[in-house]
Amino acid sequence: MSEACIRYDVGDGVATIALARPEKLNAINAAMHAELRAALTAAETDPAIRCLVITGAGRAFSSGQDLTEERLAGADGKIDFGGRLDRDYNPLVRRLYAYPKVTVAALNGPAVGAAANIALACDIVVAARSAYLQEAFARIALVPDAGGTWFLPRIVGPKLALALMLTADRIPADDLLRMGIVYQVYDDPVFVDEVGALARRLAAGASYTLGLIKEAVRASADNDLAAQLDLERDLQRKAGASADFSEGTAAFREKRAPRFEGR
Ligand code: LHQ
């Protein structure tokens, strides 16, 4: 049996997927994609899981596509990246972006190429102080993929996104914070503990409503103000009718911490 390419751990309402091919800086191959699909399904269907963390084993988050993978060749022996994107990366990015639970990309180290953009598809990105993100594609004469040309201009603006992609520069964690790409940077020695605390806090949140918030912000990418106001009204109706809202207001009145059930 081949070595597992990811680690999957569950605890306190949090599922953690660690990309785990550390000898190749967690480079992504077809086997890792298959394991990722299974882990995403496991976390999605387990009602006890309310937050998903994606991180890397060892010193990297991930170096992106495994550049040494033989199976990148199509049936005729020629390289066919389109097939790999259609089969693996594009479904993964669509799935992460629409994932029904809160997702956190925890950049423990370099996030490079397609891995950088997989991180951008997550709801919240946090980084260790020593981590960096690199849209490295142009260095090897490739076009940024895995949604990078859609996510990055929306996060940092088109000018900066283009510069980051044309230069393929490494962006250190503190610059990622300044650019609004990451939400928090934690010092390396406390990174794992801080990520765990953040994930447990999100998992204890009103997960049904957090899903509605995701839906609203996602839809704003395509909506004008009028459509977005209508959507907010519809979603607020749902939130207001939720058991968690009743619990939230009761806890506020009783000056205690709420116990949300995600419904
Ligand atoms: C690797 C990799 C790697 C295999 C390090 N593959 N072994 C393309 C095609 C199809 C569809 C989907 O999308 C894409 C987009 C992509 O993602 S293209 C790939 C983009 N990634 C890169 O171009 C990164 C290539 N790697 C690097 O530039 C460096 O390794 C980085 C900057 C990540 C880290 O540098 P260092 O910290 O100096 O580490 P290293 O270079 O010594 O790497 C350690 C080992 O990991 C080394 O193996 P070795 O046997 O020599 O110890 C590397 O060969 C291996 N490795 N990335 N993507």
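Both backbone and side-chain heavy atoms feed into the values below; hydrogens, waters and symmetry mates do not. We count ligands from 1, going down the list as the structure has it; atoms in each ligand are counted the same way.
Interface atoms of ligand 1 facing Tyr89, defined by a heavy-atom separation under 4.0 Å, are 11 (C), 12 (C). Residue Gly64 approaches ligand 1 through these ligand atoms, each under 4.0 Å from one of its heavy atoms: 17 (O). Which parts of ligand 1 touch Arg170 is read off a 4.0 Å heavy-atom cut-off, strictly below it: atoms 32 (C). Numbered from 1 in the order shown, with element, the atoms of ligand 1 that lie under 4.0 Å from a heavy atom of Val112 read 21 (N), 22 (C), 24 (C), 33 (C). Listed by number with element, the atoms of ligand 1 under 4.0 angstrom from any heavy atom of Phe137 are 15 (C), 16 (C). For ligand 1 and Glu23, the ligand atoms under 4.0 Å from any heavy atom of the residue are 45 (C), 46 (O). Remark: ligand 1 atoms within the under-4.0 Å shell around heavy atoms of Leu85 are 11 (C), 12 (C).
Within the 4.0 Å heavy-atom cutoff, Arg59 counts among the residues contacting ligand 1. Within the 4.0 Å heavy-atom cutoff, Tyr132 counts among the residues contacting ligand 1.
Electrostatic pairing of Arg256 and Glu247 counts as a salt bridge here, judged by a charged N lying under 4.0 Å from a carboxylate O.
For a threshold of 3.5 Å applied to N or O pairs, the pair formed by Ala114 and ligand 1 contains at least one separation below that value. Geometrically, ligand 1 and Arg84 share no nitrogen or oxygen pair separated by less than 3.5 Å. At under 3.5 Å, a nitrogen or oxygen of Ser63, whether backbone or side chain, sits near a nitrogen or oxygen of ligand 1.
Residue Leu142 touches ligand 1 through its side chain alone, judged by heavy-atom distances below 4.0 Å. When non-hydrogen atoms are compared, ligand 1 lies under 4.0 Å from neither the backbone nor the side chain of Arg87. With a 4.0 Å cut-off on non-hydrogen atoms, Ala27 touches ligand 1 through its side chain and not its backbone. Contact annotation: for Asp66 versus ligand 1, heavy atoms closer than 4.0 Å belong to both the backbone and the side chain. Both the backbone and the side chain of Leu67 come within contact range of ligand 1, each with a heavy atom under 4.0 Å.
Taking both residues in full, the closest heavy atoms of Asp123 and Lys101 are given as OD2-O, 3.8 Å, listed atom of the first, atom of the second, then distance. Of all the heavy atoms in Ile118 and Val93, the pair that sits closest is CG1-CG2, 4.5 Å. Closest heavy-atom contact between Gly56 and Asn26: CA-ND2, 3.7 Å. Between Ser130 and Asp188, the shortest heavy-atom contact is OG-OD2, 2.6 Å.
Counting only residues at least two apart or in different chains, ring-ring contact (aromatic ring centres under 6.0 Å, His included) contacts with residues 134-187 comprise Tyr97-Trp150, Tyr97-Phe151.
Nearest to atom 55 (C) of ligand 1 by heavy atom, out of Lys24, Gln134, Glu69, is Lys24. The option from Asn29, Leu25, Ile28 that lies nearest to atom 30 (O) of ligand 1, judged by heavy atoms, is Leu25.
In this structure, CD1 in Ile28 is found 10.5 Å from CG in Leu67, a value given to the nearest 0.5 Å. Atoms CG and CD, on Leu142 and Glu135 in that order, are 12.0 Å from each other to the nearest 0.5 Å. With values rounded to the nearest 0.5 angstrom, Leu36 atom CG is found 6.0 Å from Leu92 atom CG. Remark: Asp234 CG to Glu215 CD distance equals 9.5 Å, nearest 0.5 Å. In this structure, Asp169 CG and Leu133 CG are separated by 12.0 Å, a value rounded to the nearest 0.5 Å.
Under the 4.5 Å side-chain heavy-atom criterion for grouping Ile, Leu, Val, Met, Phe, Trp and Tyr, Met165 is connected to Ile181 within one hydrophobic cluster.
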